[in-house]
Enquirer: 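Pasting a structure below so you can have a look.
Residue numbers start from 1 in every chain, and the chains themselves are labelled A, B, ... in the order their sequence lines are given, proteins ahead of strands.
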2 protein chains.
Amino acid sequence: MGGIPTIREVAVAADVAIGTVSRVLNGHKSVSDDVRRRVLKAIKKLKYEPDRVAQSMRLGVTRTVAFATRDISIPGFGAIVNAAEEALRSNGYTLLLAMTDERKERELNLLRIFQQRRVDAVIMATSSEDDTELSKRIRSADIPIVLLDRENPLQLDAVTLDHRRGIRAATEYLRGFGHTRIALLTGNPSTRPAHERIAGFKEASSHLGKHANHSIIRTGAFSAEFGFREASSLLSGATRPTAIIAGGMAMLAGVLQAVRARGLKIPDDVSVIAGADSDLAALATPSITAVRWSGTDEGRMAVQLLLNRLGNRSAPVQRVMISTELIPRESCGPPTR
Amino acid sequence: MGGIPTIREVAVAADVAIGTVSRVLNGHKSVSDDVRRRVLKAIKKLKYEPDRVAQSMRLGVTRTVAFATRDISIPGFGAIVNAAEEALRSNGYTLLLAMTDERKERELNLLRIFQQRRVDAVIMATSSEDDTELSKRIRSADIPIVLLDRENPLQLDAVTLDHRRGIRAATEYLRGFGHTRIALLTGNPSTRPAHERIAGFKEASSHLGKHANHSIIRTGAFSAEFGFREASSLLSGATRPTAIIAGGMAMLAGVLQAVRARGLKIPDDVSVIAGADSDLAALATPSITAVRWSGTDEGRMAVQLLLNRLGNRSAPVQRVMISTELIPRESCGPPTR
DNA sequence: ATGAAAGCGCTAACAT
DNA sequence: ATGTTAGCGCTTTCAT
């Protein structure tokens with residue numbers, strides 16, 4: 001009584017039964033205009049707000065969706081989350097955000113938390129697609145899960161990115177300048193964005209004879225640190241690559257740093273392509289050629305799949321691929337050695 | 001029975017009363033070892049996970065905190081949210097994220113949603129500090145609110161940033177090169193980060209005579225678009241500024257774009273300072289001098305204040321200011337006209 | 001140490 | 001058209 005008003009207080013104030021208040025709240029037909037008015041007035045007077053927790057409990061749905069991502073501070077993820085939150089909110093859902101830090105323990109832990117909180121669905125990019133424990137936990141979670149740029153487990157809905165085509169285009173673009181010693185830096189090949197990039201990279205070189213193909217592939221992580229480390233080691237080697245593809249969302253910063261630390265000029269000494277677009281790529285001097293896609297579409301589509309799934313739990317698996325395109329800028333030119 | 005197991009099923013499986021299961025779950029002392037073992041076994045066997053929704057309902061606390069920000073895709077906000085989520089999670093809380101889009105309607109709407117969802121507290125940066133309707137709603141929300149880089153309403157806890165000192169240092173730094181025609185671009189002066197930047201800017205010029213001070217201040221928004229628009233107009237004017245300070249998180253990109261579009265060189269034609277650090281500032285060529293602070297500290301501190309408040313609702317208002325520093329890089333030099 | 005039961009705020013099924 | 005009530009899953013008080 002002193003605290004937050006409940007439906008009961010509204011009922012008393014309007015002199016009706018609580019069931020009637022509930023009916024008004026939920027727009028049921030069979031309520032007389034007079035009663036409806038009285039109830040509405042009482043609601044306004046008491047500043048009553050329905051308790052979504054109680055509703056969740058009663059209804060068995062929370063209208064809450066969890067979004068688990070590696071690290072929201074990575075440029076690019078923000079746009080996805082932004083779009084997802086907006087799509088979710090306009091459908092009456094609320095977004096719950098959690099960082100996985102790309103650590104399996106955390107993911108497992110988060111899955112439990114999501115389960116306990118009874119979220120209606122989750123959107124996530126797992127750290128690995130072939131860890132059996134993780135896969136098992138994911139499949140046995142009886143919450144709909146939409147994978148983000150992952151395709152395993154296969155029975156899950158997923159929105160993926162066409163990295164393969166993007167990196168193939170990037171590689172062909174570099175070959176067009178005459179590059180043969182091209183390095184691709186990317187993440188753990190057990191995740192889709194890494195192995196698809198590798199696939200696209202190889203496809204672009206498949207017509208080449210063994211002797212003409214001096215491709216270098218370094219895998220490990222999608223991070224800026226990894227990009228810096230690998231680019232540094234590559235660039236200081238005797239037969240350094242004439243072009244580098246930074247195959248990760250956050251990787252470009254590390255690669256640029258390494259290039260700069262070695263006093264090299266882009267594109268004169270080394271050509272660079274970013275596997276994901278960003279402010280940095282667009283506004284660096286020289287600007288960096290990049291593989292681009294719409295993070296907004298990605299986030300929106302994930303929510304779309306989710307909503308579909310929530311509407312029909314037994315519908316067939318949904319798979320949507322977001323297209324990518326190469327945005328040529330100033331960071332590529334012919335090799336000079 | 002077919003679905004998710006409840007405490008009741010665990011009780012049946014362990015052949016005890018549900019109250020006893022609850023006691024085991026919550027680590028109460030008075031449970032015999034034998035019973036505890038049986039209960040634990042039943043929990044494991046059934047893969048029982050306590051329902052946090054039911055707990056919330058019973059306990060009147062959700063262990064959920066809402067974070068409302070303008071746009072999570074703005075570089076800089078990610079780090080804050082990241083830090084906040086981590087701090088929150090390690091304290092058993094879950095983060096609920098929502099975008100305000102810097103629109104009052106949305107903020108009002110979000111406040112309602114947060115109230116309905118019975119979040120325990122909210123962290124937010126409001127779009128305005130002097131809108132009476134918004135202020136009233138905020139003060140009347142009976143949820144603890146921690147302001148982020150805002151200081152009104154005054155009765156709220158807040159973590160603020162020392163923009164004043166940062167911009168004063170930036171301005172003095174530019175004056176040290178001999179600049180007199182310096183432009184400050186920043187957001188709506190009704191918000192703290194804008195008026196504090198303006199204050200710092202003015203402080204750095206206060207010793208100057210009227211005739212020697214050709215400062216230009218343009219306010220409106222913190223966005224890249226605003227930065228682009230204002231920098232463009234300033235740069236194409238007859239008496240263009242010799243230095244520009246981009247006083248907003250997302251603004252640098254717009255300013256750099258404008259400079260580039262006019263074919264101007266930094267720092268030869270115009271010196272540039274960013275009011276917030278970013279990958280872009282650090283790795284642009286030339287790299288951009290920036291006012292820097294720790295977003296991680298900012299996010300963590302907000303959570304700290306929240307936790308304190310939750311521990312004592314009637315404690316005095318808490319105010320913490322995060323320090324800033326100027327990171328000199330390559331984007332500033334003497335004016336050349 | 002453990003069981004029984006009330007009750008958190010709500011919706012929906014059942015009465016009238 | 002409206003009132004009454006069971007019950008969602010849990011914690012806690014009160015018995016024993």
Side-chain angles (χ1 to χ4, degrees), chain A residues 1-40 42-43 46-64 92 112-113 115-120 142, chain B residues 1-40 42-43 46-64 92 115-120 142:
Chain A
M1 210 208 139
I4 299 170
T6 72
I7 199 173
R8 178 155 278 114
E9 271 126 333
V10 175
V12 170
D15 194 33
V16 294
I18 62 169
T20 302
V21 177
S22 175
R23 276 185 282 259
V24 171
L25 247 24
N26 297 287
H28 279 247
K29 46 270 148 197
S30 39
V31 177
S32 74
D33 280 357
D34 172 51
V35 168
R36 158 165 287 115
R37 249 192 307 276
R38 260 157 53 209
V39 170
L40 258 15
I43 287 176
L46 297 175
K47 291 200 218 306
Y48 167 78
E49 297 286 355
D51 184 334
R52 307 283 258 105
V53 175
Q55 287 180 336
S56 293
M57 161 102 127
R58 173 68 231 240
L59 265 16
V61 237
T62 53
R63 294 227 132 204
T64 284
R112 267 194 48 175
I113 293 178
Q115 229 140 252
Q116 295 185 348
R117 294 212 174 250
R118 303 295 192 256
V119 303
D120 293 341
D142 28 25
Chain B
M1 207 203 144
I4 299 169
T6 72
I7 198 173
R8 178 154 277 114
E9 272 127 334
V10 174
V12 170
D15 194 33
V16 295
I18 62 171
T20 303
V21 177
S22 174
R23 278 185 279 260
V24 172
L25 247 24
N26 297 288
H28 279 246
K29 46 271 150 201
S30 40
V31 177
S32 74
D33 281 357
D34 172 51
V35 168
R36 158 167 285 115
R37 249 191 308 277
R38 260 159 51 212
V39 170
L40 257 16
I43 286 176
L46 297 176
K47 293 202 218 303
Y48 168 78
E49 297 286 356
D51 183 335
R52 307 283 257 104
V53 176
Q55 287 180 335
S56 293
M57 162 102 128
R58 173 68 230 235
L59 265 16
V61 212
T62 53
R63 294 226 133 208
T64 286
Q115 228 140 255
Q116 296 186 347
R117 297 218 172 247
R118 303 293 191 258
V119 303
D120 294 341
D142 27 26

Enquirer: Strictly below 4.0 Å: does A:T20 bring a side-chain N or O up to OP1 or OP2 of D:dA1?
Expert: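 The answer is no; no side-chain N or O of A:T20 sits under 4.0 Å from OP1 or OP2.
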
Enquirer: Can you confirm whether B:R36 sits close enough to B:V39 that some side-chain heavy atom of one is under 4.5 Å from a side-chain heavy atom of the other?
Expert: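 The answer is no; the side chains never approach within 4.5 Å.
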
Enquirer: For DNA chain C, whose closest nucleotide is more 5', that of A:D51 or that of B:V31?
Expert: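 Looking at the nearest nucleotide for each, B:V31 comes out on the 5' side.
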
Enquirer: Between A:R38 and A:D15, is there a donor-acceptor pair closer than 3.5 Å when you use the side chain of the first and the backbone of the second?
Expert: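 Present.
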
Enquirer: For a quick check of understanding: with a heavy-atom distance under 4.0 Å over all strands, which category does B:S30 fall into, base, sugar-phosphate or nothing?
Expert: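 Touches a base.
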
Enquirer: From the list C:dG3, D:dA1, C:dG9, which nucleotide is the closest neighbour of the side chain of A:S32?
Expert: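 Looking only at side-chain atoms, A:S32 lies closest to D:dA1.
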
Enquirer: Counting the atoms with a prime plus P, OP1 and OP2 as sugar-phosphate, which does B:I18 contact under 4.0 Å by heavy atoms, base, sugar-phosphate, or nothing?
Expert: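 Base contact.
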
Enquirer: In the structure I gave you, are the side-chain heavy atoms of B:P50 and A:Q116 within less than 4.5 Å of one another anywhere?
Expert: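 Side chain of B:P50 against side chain of A:Q116, heavy atoms only: contact under 4.5 Å found.
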
Enquirer: In whole Å, what is the span from the CG atom of B:D33 to the P atom of C:dA1?
Expert: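 One finds 10 Å between P of C:dA1 and CG of B:D33, rounded.
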
Enquirer: In whole Å, what is the span from the CD1 atom of B:I4 to the P atom of D:dG9?
Expert: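 It is 9 Å, rounded to the nearest whole Å.
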
Enquirer: Under a 4.5 Å cut-off applied to non-hydrogen side-chain atoms, are B:R118 and A:I4 in contact?
Expert: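 Counting from C-beta outward, B:R118 and A:I4 do come under 4.5 Å.
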
Enquirer: Check the distance between C:dC10's P and B:Q116's CD and give it to me in whole angstrom.
Expert: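 Atom-to-atom, B:Q116 to C:dC10, this comes out as 10 Å.
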
Enquirer: Over all strands shown, is B:S22 touching base, sugar-phosphate only, or nothing at heavy-atom distances under 4.0 angstrom?
Expert: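 Base contact.
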
Enquirer: How long is the line joining CZ of B:R117 and P of C:dC10, in whole Å?
Expert: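 The answer, rounded to whole Å, is 14 Å.
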
Enquirer: Under 3.5 Å, side chain of B:S22 to main-chain N/O of B:I18, donor-acceptor pair present?
Expert: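 A pair under 3.5 Å: no.
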
Enquirer: What's the closest nucleotide to the A:H28 side chain, out of D:dA1, C:dT2, C:dA12?
Expert: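 That would be C:dA12.
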
Enquirer: Nearest-Å distance, CD (B:Q115) to P (C:dG9)?
Expert: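 My rounded result for the distance is 15 Å.
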
Enquirer: Of A:R36 and B:P50, whose closest DNA chain D nucleotide lies nearer the 5' terminus?
Expert: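 First, find each residue's nearest nucleotide; the 5'-ward one identifies A:R36.
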
Enquirer: Grab the CG-P distance between B:N26 and D:dT13 for me, whole Å please.
Expert: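 About 12 Å, once rounded to whole Å.
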
Enquirer: Assess whether one donor atom and one acceptor atom, taken from the side chain of B:R23 and the base of C:dG3, lie less than 3.5 Å apart.
Expert: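 Under the 3.5 Å cut-off, the side chain and the base do form a donor-acceptor pair.
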
Enquirer: Reckon A:V53 touches a base, only the sugar-phosphate, or nothing at all at heavy-atom distances under 4.0 Å?
Expert: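 If one applies the 4.0 Å heavy-atom cut-off, A:V53 turns out to touch nothing in the nucleic acid.
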
Enquirer: Distance check needed: C:dG3 C1' versus B:D15 CG, whole Å only.
Expert: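 Distance, rounded to whole Å: 12 Å.
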
Enquirer: In whole angstrom, give the distance that lies between atom CZ of A:R8 and atom P of D:dG3.
Expert: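 It is 13 Å, rounded to the nearest whole Å.
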
Enquirer: What does B:T6 touch in the nucleic acid at a heavy-atom separation under 4.0 angstrom: a base, only the sugar-phosphate, or nothing?
Expert: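 Sugar-phosphate, no base atom in range.
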
